[in-house]
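What you see is a predicted model, and the numbers here were worked out from it, not measured in a lab.
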Amino acid sequence: MANMPPRELIRNIGISAHIDSGKTTLTERILYYTGKIHAIHEVKGKDGVGATMDSMDLEREKGITIQSAATYCTWGENNINIIDTPGHVDFTIEVERSLRVLDGAILVLCGVAGVQSQSITVDRQMRRYHVPRLAFVNKCDRAGADPLRVCKALREILHHNAVMIQHPIGLEANHKGLVDLITREAYYFDGDNGEKIRKEACPADLKDEVEAQRQKLLEALADLDDEIAAKFLEGEELTPAEIYPALRKATIERKITPVCLGSAYKNKGVQPLLDNVVRYLPSPVDMKDYEALDQEKGEEKVRLSPAPNEKLVMLAFKLQDGQYGQLTYCRIYQGTLKKGEFIQNSANRKRVKVPRVVQLHADQMHDIDEAYAGDIVALFGVECSSGDTFTDGSVVYTMTSMYVPDAVVTLAVEPAKKEGANNFSKALNRFSKEDPTFRVSRDEESGQTIVGGMGELHLDVYIERIRREYKVDVIVGQPQVAYRETLTQKVEFEYVHKKQTGGSGQYAKIGGFMEPAEEIEGEPTKDYEFLDETVGGVIPKEFMKAVDKGFTEAVTKGTLIGFPVVKFKVVINDGNTHPVDSKDIAFQTAAKFAFREFYPKGKPVILEPIMKVEVEGPEEFQGTILGGLNRRRGMVLNSGTAYGQVRITAHVPLKEMFGYSNDLRSATQGKAEFSMEFSKYATVPRQIQDELIKAAEAKKKVLVAK
């Protein structure tokens, strides 16, 4: 292990933000300044090359990031593994799986727009995986930029203990550089690409502002560190050597968020940001709360050590089909991985040989012989699913997987020609394996193939990829909303299932009640809950499993329009058995028929997905935008104007959002844009419920006629 870099010198970071905040541009600058690339290309560059990390043709055409891309670079003595993630909420799984395996993150914010809807989403994802972060206020060269206002929004909207650690030297067109609040040094970025850093004393006209901001930083630190507090209260001068470790500790413990600033596009502020990544974000050694579950000890929690001489534990967090077969992205949490050795998949206990280990730089690969705890690498020729845990075989550990949201939009798809069916099937299998939010199912009634995803753009991208990568022309139906059903009141039931004709008999009796599941504030409501409250063994435990299975199957199709039933609780408190005729199938059947007979008596309603929509555009179009949202059954949550731009946030049913993109463009001369993400399910109005039930009945009649 002579070649192993010290684990303290590794940083695994993600770059996350609202769409169009400049994540990919920032990553491009980081790669340039660390010597990883020798020329800068823009996301929508005129050279036609596109940003290094946007290696897919579709990404370069649309000017957005679709897949998270991994790369690595060095800054000083430190090795930095970077994952550039998409900002568009339709590709949220890419952010989820990246944050699941990262030790730290850079939250990029637009200096003008500040905290936007998807800034809130990625911040929530970072909290879910306990990821420490720095904030980088980008685009300080743009009209209306104000990093101090953005820092305030971080505190007020995202509830971060955010503190500026830099102060701008000029803003908008006069943005020249920044002052480090800890050292009081001014940084200027000279040369064609800002590669020459010039350090000078703080400009005289900024000294008062810099001291005021420095005091705020020290006050925040004094609240968290006793030694800093003692000196601060005595009025003693604090040196950088005293401030750095205290700020690092507070950042890693997620008690403070240091805020940096600059303009990635104008090549300002990126090198000091890298210094701060190394200085404040954790190495794998600093992360003390990584755990696995020991499957041989009843899922007992095991603390993982980043030491290379421990037993290997590694998580496969992303799959990608490449020209050489399946590429499996892995994060090593413990131990050492060597090319040619055997590893074991904890999911199926299969042992596989590791034929090839590579480090990734966007779509380029660099072969390595071994990798250690803390490294992010990719393997070739290792079949597995996203979220599988690998070990050296001496232990059976599994790591908790990432959160996977449900699909909200579905489409019926089929190949235009029969000869394309084979490739069409291959494409769907590959994409559903790579992306857990891309769902493929078959509608048993119509025989159609149904694909589900996080939004129209999500599904459009996959359909376009089937056409390009598999050369299959695809016929696409109208987008369908993923409705749900639920009960609105408690209903008691008793059901007896008897079958005496032909062969062995069947007998099962069950009684109890169905009701809406309880909603506990701050916790997600369970979609399905089953409780056994029988006494005296009236239904033996083995049959109770069959009752549970019967209800589990039944709730996949509600009786109103055939969509899954959610927030559904069933309690069994009575029943009976027959010494000969009672069996699993009888109790399963009893549960299914009890559901069908009594569910309609619980006054069921249809639920529809409600999207949180954020629209930004020129102030002159405020009335037009509000009118458009109102026509779509939108409920405006808030609206505000700044620097001639209006930002409106509303809750709008997903059904009403189809085609909104074109309508918004034409109504605002192409000057407004919007983003949306799933917010919640809500009851549809009675009139729309009646229309949906009529449409479902008409569809049934058509299928029966066929």
Supply the atom-to-atom distance Cys140 SG to Gln166 CD, rounded to the nearest 0.5 angstrom. 9.5 Å
Where the side chain of Arg11 meets the backbone of Asn78, is there a donor-acceptor pair that is under 3.5 Å apart? no
Look up atom CD1 in Ile82 and atom CD1 in Ile15, then write down how far apart they are to the nearest 0.5 Å. 5.0 Å
Can you tell me if Glu227 has over 12 outside heavy atoms packed within less than 6.0 Å of its CD? no
Find the distance between CZ (Arg214) and CG (Leu181) and round it off to the nearest 0.5 Å. 8.0 Å
Within the structure provided, determine whether Glu341 and Val354 are in side-chain contact (heavy-atom separation under 4.5 Å). no
Please check if the side chain of Glu195 supplies one atom and the backbone of Asn193 the other of a donor-acceptor pair under 3.5 Å. yes
Would you please test Glu219 and Phe232 for side-chain contact (heavy atoms from CB on, under 4.5 Å) and show each step? CA-CA 8 Å; Glu219 274 174 34; Phe232 181 71; 3.4 Å; yes
Hey, does Lys199 have a side-chain heavy atom less than 4.5 Å from the side chain of Tyr187? yes
Take Ile80 and Val278 through the side-chain contact (heavy atoms from CB on, under 4.5 Å) test and state the conclusion after the steps. CA-CA 8 Å; Ile80 304 177; Val278 168; 4.2 Å; yes
For residues Ile10 and Asp375, report the shortest heavy-atom separation together with the two atoms involved. CD1-OD1, 3.4 Å
Check the pair Asp367, Lys339 against salt bridge (Lys or Arg N to Asp or Glu O under 4.0 Å), reporting the backbone distance first and the verdict last. CA-CA 10 Å; Asp367 281 271; Lys339 185 173 114 176; 5.4 Å; no
Side-chain touch Val137/Cys151, heavy atoms, less than 4.5 angstrom: no
Does any part of the side chain of Pro147, heavy atoms only, come nearer than 4.5 Å to the side chain of Met164, both counted from C-beta? yes
Output the distance between atom CG (Asn138) and atom CG (Leu26), rounded to the nearest 0.5 Å. 6.5 Å
Given side chains that start at C-beta, do those of Cys260 and Ile165 come closer than 4.5 Å, heavy atoms only? yes
Evaluate the ring planes of Phe431 and Tyr462, with Trp represented by its six-membered ring, and classify them as parallel (under 30°), tilted (30 to 60°) or perpendicular (over 60°). tilted
Would Arg331 and Tyr333 count as a cation-pi pair here, with the cationic atom under 6.0 angstrom from the ring centre and within 45° of the axis? yes
Check whether Asp103 reaches the backbone of Ser283 with its side chain - one donor and one acceptor, N or O, closer than 3.5 Å. no
How about Leu293 and Tyr397: do any of their side-chain heavy atoms sit closer than 4.5 Å? no
Lys353 and Val382 have their tightest heavy-atom pair at O-CG2, 4.3 Å
Provide the closest heavy-atom pair for Ala316 versus Phe390 in the form atom of the first, atom of the second, distance. CB-CE1, 4.1 Å
Do you know which two heavy atoms are closest between Leu107 and Leu158, and how far apart they sit? CD2-CD1, 4.2 Å
Within 6.0 Å of CG in Asn348, more than 12 heavy atoms from elsewhere: yes
Steps toward salt bridge (Lys or Arg N to Asp or Glu O under 4.0 Å) verdict (Arg430, Glu469): CA-CA 12 Å; Arg430 172 191 157 190; Glu469 295 172 33; 3.0 Å; yes
To the closest 0.5 Å, what do you measure between CD (Gln271) and OH (Tyr32)? 10.0 Å
Can you check whether Ile332 reaches Tyr372 side chain to side chain, under 4.5 Å on heavy atoms? no
Walk me through it: do Thr391 and Leu312 pass the test side-chain contact (heavy atoms from CB on, under 4.5 Å)? CA-CA 5 Å; Thr391 68; Leu312 174 71; 5.5 Å; no
Out of the candidates Arg155, Arg133, His160, only one should pair with Thr257 under the side-chain hydrogen bond (donor to acceptor under 3.5 Å, both in side chains) rule; please name it. His160
Check the pair Thr239 / Glu242 against side-chain hydrogen bond (donor to acceptor under 3.5 Å, both in side chains), numbers first and verdict last. CA-CA 5 Å; Thr239 65; Glu242 292 169 309; 3.2 Å; yes
Can you check whether Tyr72 reaches Val377 side chain to side chain, under 4.5 Å on heavy atoms? no
Grab the two heavy atoms, one from Leu218 and one from Ile228, that are nearest each other, plus how far apart they are. O-CG2, 4.3 Å
With Asn12 as reference, evaluate Val101, Leu281, Asn81 under the side-chain contact (heavy atoms from CB on, under 4.5 Å) test and give the passing residue. Asn81
Pair Gln295-Thr398, side-chain hydrogen bond (donor to acceptor under 3.5 Å, both in side chains): steps then yes or no: CA-CA 7 Å; Gln295 296 302 317; Thr398 59; 2.6 Å; yes
Rounded to the nearest 0.5 Å, what separates atom CD1 in Ile13 from atom OG1 in Thr27? 8.0 Å
Arg279 to Tyr244 six-membered ring, cation-pi geometry met (6.0 Å, 45°): yes
May I ask you to decide if Pro272's main-chain N or O and Asn276's side chain share a donor-acceptor pair within less than 3.5 Å? yes
Candidate pair Asn345 and Val352, rule side-chain contact (heavy atoms from CB on, under 4.5 Å), full reasoning: CA-CA 8 Å; Asn345 187 335; Val352 288; 6.0 Å; no
Do you know which two heavy atoms are closest between Met399 and Thr389, and how far apart they sit? N-OG1, 2.8 Å
Arg29 side chain vs Tyr265 backbone, donor-acceptor pair below 3.5 Å: yes
